[in-house]
Amino acid sequence: MAVEIYAPFMSSYEFFQSMGIRVWDNGHGHTGVSHSIHSDYSAVPGYFEQMTAAYGEKRAKEILDENRHNTVYFPNVMLKGPIQLLRLFKPIAANRTLVESWTFRLIGAPDMLLERTVMYNRLINAPTSVVGHDDLEIYERAQAGLASDGNEWVDIQRLYSADEPGQRNVVTDGTSEWQMRNQFRAWAKFMTMGA
Amino acid sequence: MSAIPTDQQLVDFVLHEARLLDQQRLDDWLDLFADDGHYWMPVEWGQSDPKLTTSLMYEDKLLLKIRIDRLKGKTTYSQSPRSRCHHVLQTPQVDARDDEGRRYVTWTPVHYVESRADQQTLYAAWATHHLTLVDGALRIRLKRVDLVNCDAALGSIQLFV
């Protein structure tokens, strides 16, 4: 189970590029349209049967085939549907953010699902996570860069196209920064609403 | 070691374990674990379940090995510059001994300092070692580390308490 969780983090550039990003209105969106780091997890014995009993086989398949990576609800909620995990990002100061990680137990489902959820939380989200250590290091280096006056712009124009604004619910390349631009467009919209 | 370890040998084992961590002799440290050994750092006060309640760490020997190998990696950004650590232990107390079942438990209050570049952080914890004998040598079945502030919003802890 631990190997299944860790291994996809070392996937190729092409894996992340082709998994796709869906950009929704108002700054929301999700990574992992066609596949994600959660796609190849082993089936949990008994769960599909329970889902089929509850929803019928067709609907159960549709639900379980949705394997998004991160679903982002603007401005500060991130949800991992396939593993029942939610993170909340609370800005406290310009150089301080509190990250809360919430794990969920599906009522009546096999314990193995919860076991995977809490294992993922330990390996990826915890202050002791080796994945988190390198992520945080990069955020902190970026923060140090932002605190300097070397460059007043942050470049998020990767795969930009001029016809982006106004397009709704678009699927784009997994390495596009469209979703980041989408968040800043939403921010500008809400900050100026009624002004 | 004779068939039955003395209390002093149990104490020495725990002190030696901390020394290996401080000197970052991590491969030697990993060898102190039994093949089915675990390192557990709960996130809840008085936590009893490592599997269905989340923890800061609950790792078997394979996961510990991945962690140690990663610390040596050239693209490990968060280890450039590297972290260092320092343990101050109270004398370990032997809480339980079962010579027939080869099970021994020690309890050790610990102050742990982790530093990296300009940052230095102090953690206080209690380490509970569940030890056994493998081929006549003491080995760790479970090292449980209860941080005093286990449920606080913590920053990165990169090495081993």
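Here is how names work: the chains are called A, B, and so on, in the same order as the sequence lines, proteins then strands, and each is numbered from 1.
A:Leu106 and A:Ile63 fall within the same hydrophobic cluster, defined by Ile, Leu, Val, Met, Phe, Trp and Tyr side-chain heavy atoms under 4.5 Å apart, directly or through other members. Under the 4.5 Å side-chain heavy-atom criterion for ILVMFWY residues, a single connected hydrophobic cluster contains both A:Val3 and A:Ile124. Under a hydrophobic-cluster definition in which Ile, Leu, Val, Met, Phe, Trp and Tyr are linked whenever side-chain heavy atoms come within less than 4.5 Å, directly or via other members, B:Phe160 and B:Leu142 are assigned to different clusters. Hydrophobic clustering (side-chain heavy atoms under 4.5 Å, transitive across Ile, Leu, Val, Met, Phe, Trp, Tyr) keeps B:Leu159 apart from A:Leu123. Cluster annotation: A:Phe9 and A:Phe15 are assigned to the same hydrophobic cluster (Ile/Leu/Val/Met/Phe/Trp/Tyr, side-chain heavy-atom contacts under 4.5 Å, transitive).
Enclosure of atom OH in A:Tyr139 is not indicated, since only 12 or fewer non-hydrogen atoms of other residues, nucleotides or ligands lie within 6.0 angstrom. Residue A:Arg141 qualifies as enclosed at atom CZ: its count of foreign heavy atoms under 6.0 Å is above 12. Other residues, nucleotides and ligands contribute more than 12 heavy atoms inside 6.0 Å of the CZ atom of A:Phe104. For NZ of B:Lys65, the number of neighbouring non-hydrogen atoms (other residues, nucleotides, ligands) closer than 6.0 Å is 12 at most. Summarising the local packing, CG of B:Asp35 is surrounded by 12 or fewer heavy atoms from other residues, nucleotides or ligands at distances under 6.0 Å. Few gaps surround CD on A:Glu100; more than 12 heavy atoms of other groups in view lie less than 6.0 Å from it. Crowding of A:Met191 atom CE: a count of heavy atoms from other residues, nucleotides or ligands under 6.0 Å not exceeding 12.
Rounding to the nearest 0.5 Å places CG of B:Leu56 at 12.0 Å from CG of A:Asn125. For the atom pair A:Arg122 CZ and B:Leu63 CG, the distance stands at 8.0 Å (nearest 0.5 Å). Here A:Glu137 contributes atom CD and B:Ser80 contributes atom OG; the two are 7.5 Å apart, rounded to the nearest 0.5 Å. For the atom pair CZ (A:Arg105) and OG1 (B:Thr53), the distance works out to 8.5 Å, reported to the nearest 0.5 Å. Atom OH of B:Tyr77 is separated from atom CG of A:Asp135 by 10.0 Å, given to the nearest 0.5 angstrom.
Looking at A:Asp134, its side chain does come within 3.5 Å of a backbone N or O of B:Ser78 through a donor-acceptor pair. A:His133 contributes no side-chain N or O that, together with a main-chain N or O of B:Gln79, makes up a donor-acceptor pair within less than 3.5 Å. Judged by distance alone, the side chain of B:Arg67 and the main-chain N or O of A:Ser129 form no donor-acceptor pair under 3.5 Å.
The minimum heavy-atom distance between B:Gly155 and A:Pro127, with the atom names listed, is O-CB, 3.2 Å. A:Ala126 and B:Ser55 make their closest contact through CB-O, 4.4 Å (heavy atoms, listed as atom of the first residue, atom of the second, distance).
Of the residues B:Ile157, B:Leu154, B:Val43, the one that meets the side chain to side chain contact (heavy atoms under 4.5 Å, CB included) test with A:Thr128 is B:Ile157.
Counting only heavy atoms from C-beta outward, the side chains of A:Val118 and B:Tyr58 never approach each other to under 4.5 Å.
No other option in B:Glu59, B:Arg70, B:Met57, B:Met41 has as many heavy-atom pairs under 4.5 Å with chain A as B:Arg70.
In this structure, chain A has a heavy atom under 4.5 Å from the side chain of B:Ile66, while its backbone stays farther away. Contact of A:Val99 with chain B is not made at all, since no heavy-atom distance falls under 4.5 Å. Contact of A:Tyr120 with chain B is not made at all, since no heavy-atom distance falls under 4.5 Å. Proximity to chain B is absent for every atom of A:Arg116, based on heavy atoms less than 4.5 angstrom apart. Neither the backbone nor the side chain of B:Leu71 comes within contact range of chain A; no heavy atom of the residue lies under 4.5 Å from a heavy atom of that chain.
Using a 4.0 Å cut-off between charged nitrogen and carboxylate oxygen, A:Asp111 and B:Lys51 do not count as a salt-bridge pair.
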Stepwise side chain to side chain contact (heavy atoms under 4.5 Å, CB included) test for A:Val130 and B:Thr76 | CA-CA 9 Å; A:Val130 299; B:Thr76 304; over 6 Å; no
